[in-house]
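Take a look at the structure below.
Worth saying up front: this structure is predicted, and the values here are computed from it rather than measured. Here is the naming used below: chain letters follow the sequence lines, and residue numbers restart at 1 for every chain.
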2 protein chains.
Amino acid sequence: MISVEEQLKSMKQQMMAKGYKSTVQREATMRVLLEHERDHMSAEDVYMRVKERFPEIGLATVYRTLELLTELHLVEKMNFGDGVARFDLRSKDHEHMHHHMICSICGEVEEIKDDWLTELEQRVKREYGFNVSDHRLDFIGTFSSCKHGDCRRHCETAS
Amino acid sequence: MISVEEQLKSMKQQMMAKGYKSTVQREATMRVLLEHERDHMSAEDVYMRVKERFPEIGLATVYRTLELLTELHLVEKMNFGDGVARFDLRSKDHEHMHHHMICSICGEVEEIKDDWLTELEQRVKREYGFNVSDHRLDFIGTFSSCKHGDCRRHCETAS
DNA sequence: GTATATGCAAAATGTTTGCATTTCA
DNA sequence: TGAAATGCAAACATTTTGCATATAC
């Protein structure tokens, strides 16, 4: 596992290589993303976390930064159907998009870190002539533990 | 294949069985959905189509009807990341959610009607104790035909 | 007759944009 | 220095809500 500082440096390099400037606001945003790698934060979530340490930042800047990072494929923009976009870092050791299990009882989104789709992607290519560059796989259902009354974790935070 | 009238009747019955009333607005909305079974229409799309035949209908009614039908599992609410919810009928002969190929050149959303995930759903259950009731599988990429300049179909309509 | 559904307009939500000012390379 | 980035507020798009009226059962 690479350290936060190293990852930050690498991200900055990728940004500057494409002609974008490195700013304190962008660094602060990336730092928040690094510290919440798999939290599926909304833009507002990211904004609030960045604001804690950099109170003068504007929401628009966070949106613009997240858009930029998405463009650079450094973050992944997701949508779980609740009307808000969510963002996660695409770290070096998780090149491929991961899959999700979305619990309809507690709202928790859990990850499956493997890539189960390489085979199906070949099939798509073979049968439909479609070249897959990305994929999204979400399972909707219930965790056994939720069904039995004791939710896995932070049920109340899943607004 | 069941006729439109039969399907409509069945949908109305399901609605009334749960205590909801059958109204002309709801019928008109369902009819539009039946005639555009796999068109991934936004609420606005549905609204405009219903309005053609029932001009006094309000957008809010369409939203409320689509919400109700989603609740009854008669329609499927989707989200392709462009900020608008899209709706399709869940017809009898396609009980399971289908998969999508989303072309990043022309924006076209094409369907894969098979269910490729039964095996993976068992694996989720086995490895994570998660009981899948639904799933969503989207492939993002490009059709060979789009790459070669001639887009598959109605590229300009994919706003 | 009564609870439910509708239409309209207003509000709420999430996101984008214009523009004057600041900052980075 | 000059182009790019920022912060703010206003604009925007989509969806939801309140409420008086109409409708289905």
Separation of [X] atom [atom1] from [N] atom [atom2], in whole Å?
X       : N      : atom1 : atom2 : answer
A/Lys18 : D/dA4  : NZ    : C1'   : 17 Å
B/Asn79 : D/dT15 : CG    : C1'   : 12 Å
A/Tyr63 : D/dA9  : OH    : C1'   : 15 Å
B/Leu66 : D/dT14 : CG    : P     : 15 Å
B/Phe80 : D/dT14 : CZ    : C1'   : 17 Å

Taking the nucleotide of DNA chain D with the closest heavy atom to each, which residue, A/Val62 or B/Arg64, is nearer the 5' end?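 Nearest-nucleotide comparison on DNA chain D picks A/Val62.
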Nearest-nucleotide 5' precedence on DNA chain D, B/Glu44 against B/Ser22: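 Checking each residue's closest nucleotide, the 5'-ward one belongs to B/Glu44.
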Between B/Arg26 and D/dA24, is there a contact of a side-chain N or O with OP1 or OP2 at under 4.0 Å?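 Looking at the OP1 and OP2 atoms of D/dA24, neither is under 4.0 Å from any side-chain N or O of B/Arg26.
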Take B/Lys21 and B/Tyr47, find for each the nucleotide of DNA chain C with the closest heavy atom, and name the residue whose nucleotide sits nearer the 5' end.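 So the residue in question is B/Lys21.
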Going by heavy atoms in the side chains, are B/Phe80 and A/Arg136 under 4.5 Å from each other?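 Side chain of B/Phe80 against side chain of A/Arg136, heavy atoms only: contact under 4.5 Å found.
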Residue pair B/Ile112 / B/Leu137, side-chain heavy-atom distance below 4.5 Å: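 A side-chain contact under 4.5 Å is absent here.
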Above 12 or not: heavy atoms from other molecules or residues under 6.0 Å from CD of A/Glu119?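 No.
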Looking at residues 48-61 of chain A, who's got a heavy atom less than 4.0 Å off DNA chain C?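 Those residues whose heavy atoms fall under 4.0 Å from DNA chain C, taken from residues 48-61 of chain A in numerical order, are A/Leu59, A/Ala60.
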Would you tell me whether A/Glu111 and A/His40 have side-chain atoms, one donor and one acceptor, within less than 3.5 Å of each other?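 Yes, side-chain donor-acceptor contact under 3.5 Å.
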Do B/Arg90 and B/Asp134 meet the salt-bridge criterion of a basic N to acidic O distance under 4.0 Å?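 The answer is yes: the pair qualifies as a salt bridge.
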B/Glu5/B/Arg31 ion pair, N-O < 4.0 Å: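 Yes, charged N to carboxylate O under 4.0 Å.
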Holding to side-chain hydrogen bond (donor to acceptor under 3.5 Å, both in side chains), I want the full list of residues that pass it with B/Arg26, two or more places apart in sequence or in another chain.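 B/Arg26 satisfies side-chain hydrogen bond (donor to acceptor under 3.5 Å, both in side chains) with no residue once adjacent residues are dropped.
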How would you give the extent of chain B contacts on DNA chain C, as first and last nucleotide 5' to 3' within a 4.0 Å heavy-atom cut-off?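 The contact span of chain B on DNA chain C goes from C/dA3 to C/dC8.
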Look at the rings of A/Tyr128 and B/Trp116 and say which category their plane angle falls in: under 30° parallel, 30 to 60° tilted, over 60° perpendicular.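 Rings of A/Tyr128 and B/Trp116: tilted, 30 to 60°.
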When you measure from the side chain of B/Ser10 to the backbone N and O of B/Glu6, does any donor-acceptor pair fall under 3.5 Å?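 Looks like no, no N/O pair under 3.5 Å.
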